[in-house]
Amino acid sequence: MTATPLTLLKRYWPVAAFVALALLPYSGITIPGLFDGPLNSPGALQVLALCLVFGGLAAGYDLLFGRTGLLSFGHALYFALGVYGTDILVTKYGYPLPLAALLAVLFATTIATALGAVALRVHGIAFSMVTLAFGQVGAILVARDPGGLTGGEEGLALNAAGLPDMFVGVVNTVNLYWLALAYLGLVVVVLHRVAQSPTGRVFAGLRDDERRVGVLGLDPYRFKLVSFTLSSSLAALGGVVYLLLAAGASPHVASSDLTLTLLVMVVLGGPGTRFGPVLGGVLFTYLDHRLTDFGGSDAVDSLPGVLAGPLSQPLFVLGTIFILAVYFFPGGLAGLGTRLTAVRRAVTSPPRP
Amino acid sequence: MSTIVLMTVTGLGLAALYFLVASGLSLVFGLADVLNFAHGLFLSVGAYATWWAAGNLPGAGSDGWGFVLAVLFGVVAGTVVAALVELVMIRPLYSRTIEQVLVTVGLSLAGVAALQAGFGADPRPFPRPSWTQQVVTLAGARVPLDRLLLIVAALVVLGLLLAFLRWTRYGLIIRAGVENREMVTALGIDVRKAFTLVFAIGGAAAALAGALSGVYFGSVSPTSGASLLIFAFIVVVIGGMGSVLGSAVAAVAVGLLQQFVNYYGTSGAGDICVVALLAVVLLWRPAGLAGKAATA
């Protein structure tokens with residue numbers, strides 16, 4: 001097989017996209033309407049980095065939902081363990097950032113193994129409910145501020161003195177952007193490798209028919225626990241990056257709403273596909289950010305009150321889009337391509353005699 | 001001693017709220033297999049409709065029969081919204097469980113945001129009748145009347161629900177449907193009508209819970225439904241999905257446990273104990289206390 005440029009592009013376009021994203025801070029292009037400043041301004045980079053982190057988080061959540069068929073409502077707990085764990089170790093105990101991050105991710109992985117071992121004893125919707133309850137414990141703990149560790153409702157600002165210089169200050173937003181990109185790249189590569197491995201095929205088997213996996217002599221429980229733990233540690237790692245980006249932890253990261261938004265991202269993007277969840281996460285975060293500005297804009301304010309009120313709430317718009325997507329685009333954005341191809345073929349092909 | 005009585009009554013009051021939310025959730029899940037995240041929205045709709053009616057509806061007010069009328073308006077609003085949600089949004093996705101859950105998730109996000117847009121994100125003071133703030137002496141303890149109101153309301157709803165399930169034709173269909181839906185359908189009965197009915201009943205109970213929680217907490221906010229909903233979910237799982245009586249027993253257990261541990265332990269420990277209770281019950285009886293086919 002000869003490697004024409006086209007086949008090369010088809011195979012390696014993710015790498016090309018990754019390189020393009022990595023080089024993006026060197027360009028000074030302004031995209032009017034999409035971003036307020038040029039692309040390499042700190043404001044735009046901050047938004048882009050946030051989008052990338054949530055793209056990675058959504059992809060990690062999809063390992064559970066889209067690839068293993070487990071609907072967890074407690075994913076925010078492990079994300080929050082990454083955020084708050086690192087924050088507390090750095091700010092309250094003065095640990096260096098790499099060690100704090102490592103310990104937080106290890107701790108989150110341990111907790112995920114223990115709680116997953118309990119939650120996976122039940123199946124289907126009951127599993128969802130148990131994870132929801134476990135996640136709620138995290139939210140309660142954060143809100144109640146045990147021992148003055150989490151800062152309660154106020155959240156806990158990250159102590160910049162404990163950070164390496166490269167992550168401090170507005171000037172260094174570009175480093176955070178690269179960190180977020182690296183995280184996204186790591187998640188995509190890990191998920192791709194897992195999907196190609198025998199374990200990944202068992203995950204897909206569990207999603208499609210758990211009983212059949214059991215009949216083949218494999219232990220579904222053990223494989224589900226592996227998927228749960230891996231997905232949770234990826235979420236904790238994302239929490240570390242998010243903490244640096246947001247320069248602090250707020251109770252929102254532990255709330256069940258965060259898990260629900262991850263679910264919305266995955267479903268919008270296309271569960272079980274390679275880049276669908278990433279796309280969903282990036283788009284959702286971007287829209288959530290932009291719609292806040294849009295809601296306060298003159299265009300919306302000039303509308304009658306019945307319309308202007310709900311439209312100024314990003315979650316109202318996104319929730320509505322999500323509901324429509326569930327009805328009309330069940331495969332999400334990733335499924336849209338094949339559907340459009342089918343439509344185009346039906347329209348353009350000459351009628352058969 | 002008087003503390004224990006007061007804590008018990010307060011815990012039972014909380015249990016009453018949980019039961020009102022959980023009974024509808026449990027029936028909806030048991031019959032239609034829908035895990036309804038939008039149930040908290042019905043609660044908020046009931047609370048806001050009552051609040052609005054007390055201020056704006058002619059004849060309604062914050063005291064006496066005017067308040068009863070306001071609550072009635074809230075309950076009707078919750079019932080109508082719940083029935084509409086079932087007819088318009090859930091019904092087209094019949095037998096596609098995951099999609100139904102997703103739609104209710106989207107609805108809960110959008111609904112709370114819409115309420116925020118309409119009434120603001122901050123809690124609104126709730127017009128509660130003045131007599132609910134008075135206390136009576138009960139076995140040596142001074143007990144606020146609003147807790148007794150909650151308990152009485154929940155007991156009445158429990159009685160009505162059980163009577164409806166036991167002695168009416170639709171109650172029979174719902175009970176049979178929870179047990180084996182395919183069989184009921186095979187006998188030529190349209191279960192879907194029962195779905196709408198169960199949603200409407202659940203919406204009414206949740207709206208009543210919304211109005212009563214307004215009386216109990218003294219304020220309403222768009223997110224008040226969501227926090228009650230999570231504990232109601234726990235109650236449903238502990239009680240066994242589809243069982244009204246199981247929900248009642250589980251609600252009492254959860255309410256009392258939460259209240260006592262929160263009082264004698266540190267604040268927040270009770271909530272965590274409730275989750276621990278859930279884990280224990282699930283490991284011991286995965287189908288919940290009532291223990292029928294619930295692990296779908």
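Order of the sequence lines fixes the chain letters, A, B, ..., with proteins taken first and strands second; residue numbering starts at 1 for each chain. Everything numeric in this text was worked out from a predicted model, so none of it was measured.
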Could you tell me whether [X] atom [atom1] has more than 12 heavy atoms of other residues or ligands within 6.0 Å of it?
{"X": "A:Phe107", "atom1": "CZ", "answer": "no"}
{"X": "B:Tyr263", "atom1": "OH", "answer": "no"}
{"X": "A:Phe329", "atom1": "CZ", "answer": "no"}

Could you look at [X] and say if it's the side chain, the backbone, both or neither that has a heavy atom under 4.5 Å from chain A?
{"X": "B:Leu102", "result": "both"}
{"X": "B:Leu93", "result": "side chain"}
{"X": "B:Val112", "result": "neither"}

Is there a side-chain contact between [X] and [Y], using heavy atoms and a 4.5 Å cut-off?
{"X": "A:Tyr327", "Y": "B:Met89", "result": "yes"}
{"X": "A:Met129", "Y": "B:Leu35", "result": "yes"}
{"X": "A:Phe316", "Y": "B:Leu109", "result": "no"}

- Message: I'd like to know which of B:Ile272, B:Ile230, B:Leu107, B:Leu115 tops the heavy-atom pair count under 4.5 Å against chain A.
- Response: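 Among B:Ile272, B:Ile230, B:Leu107, B:Leu115, the one with the most close pairs to chain A is B:Ile230.
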- Task: Would you mind telling me which of B:Ala279, B:Ala110, B:Gly111 has the largest number of heavy-atom pairs within less than 4.5 Å of chain A?
- Result: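 The candidate making the most pairs under 4.5 Å is B:Ala110.
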- Atom group of A:Leu315 that falls short of 4.5 Å from chain B, counting heavy atoms: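 The answer is both parts of A:Leu315.
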- What part of A:Leu141 is in contact with chain B, defined as an atom under 4.5 angstrom from a non-hydrogen atom: side chain, backbone, both or neither?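 Only the side chain of A:Leu141 comes within 4.5 Å of chain B.
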- What distance separates B:Leu229 CG from A:Gln136 CD, expressed to the nearest 0.5 Å?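 B:Leu229 CG to A:Gln136 CD: 10.0 Å, rounded to 0.5 Å.
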- Task: Pick out which of A:Val130, A:Val137, A:Leu132 makes a side-chain contact (heavy atoms from CB on, under 4.5 Å) with B:Val275.
- Result: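 It is A:Val137; the other options fail the test.
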- Message: Less than 6.0 angstrom separating the ring centers of B:Phe37 and A:Phe73, yes or no?
- Response: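 Ring centroids of B:Phe37 and A:Phe73 are less than 6.0 Å from each other.
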- Of all the residues in residues 261-272 of chain A, which have a heavy atom that comes within less than 4.5 Å of a heavy atom in chain B?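 Those residues of residues 261-272 of chain A which have a heavy atom under 4.5 Å from chain B are A:Leu263, A:Val264, A:Val267.
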- Message: For B:Gly106 versus A:Ile323, what's the shortest heavy-atom pair and its separation?
- Response: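 Taking every non-hydrogen atom into account, C-CD1, 3.7 Å.
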- Query: Pairs in or reaching into residues 228-237 of chain B: which pass side chain to side chain donor-acceptor pair (under 3.5 Å), with residues at least two apart or in two chains?
  - Reply: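 For residues 228-237 of chain B: none.
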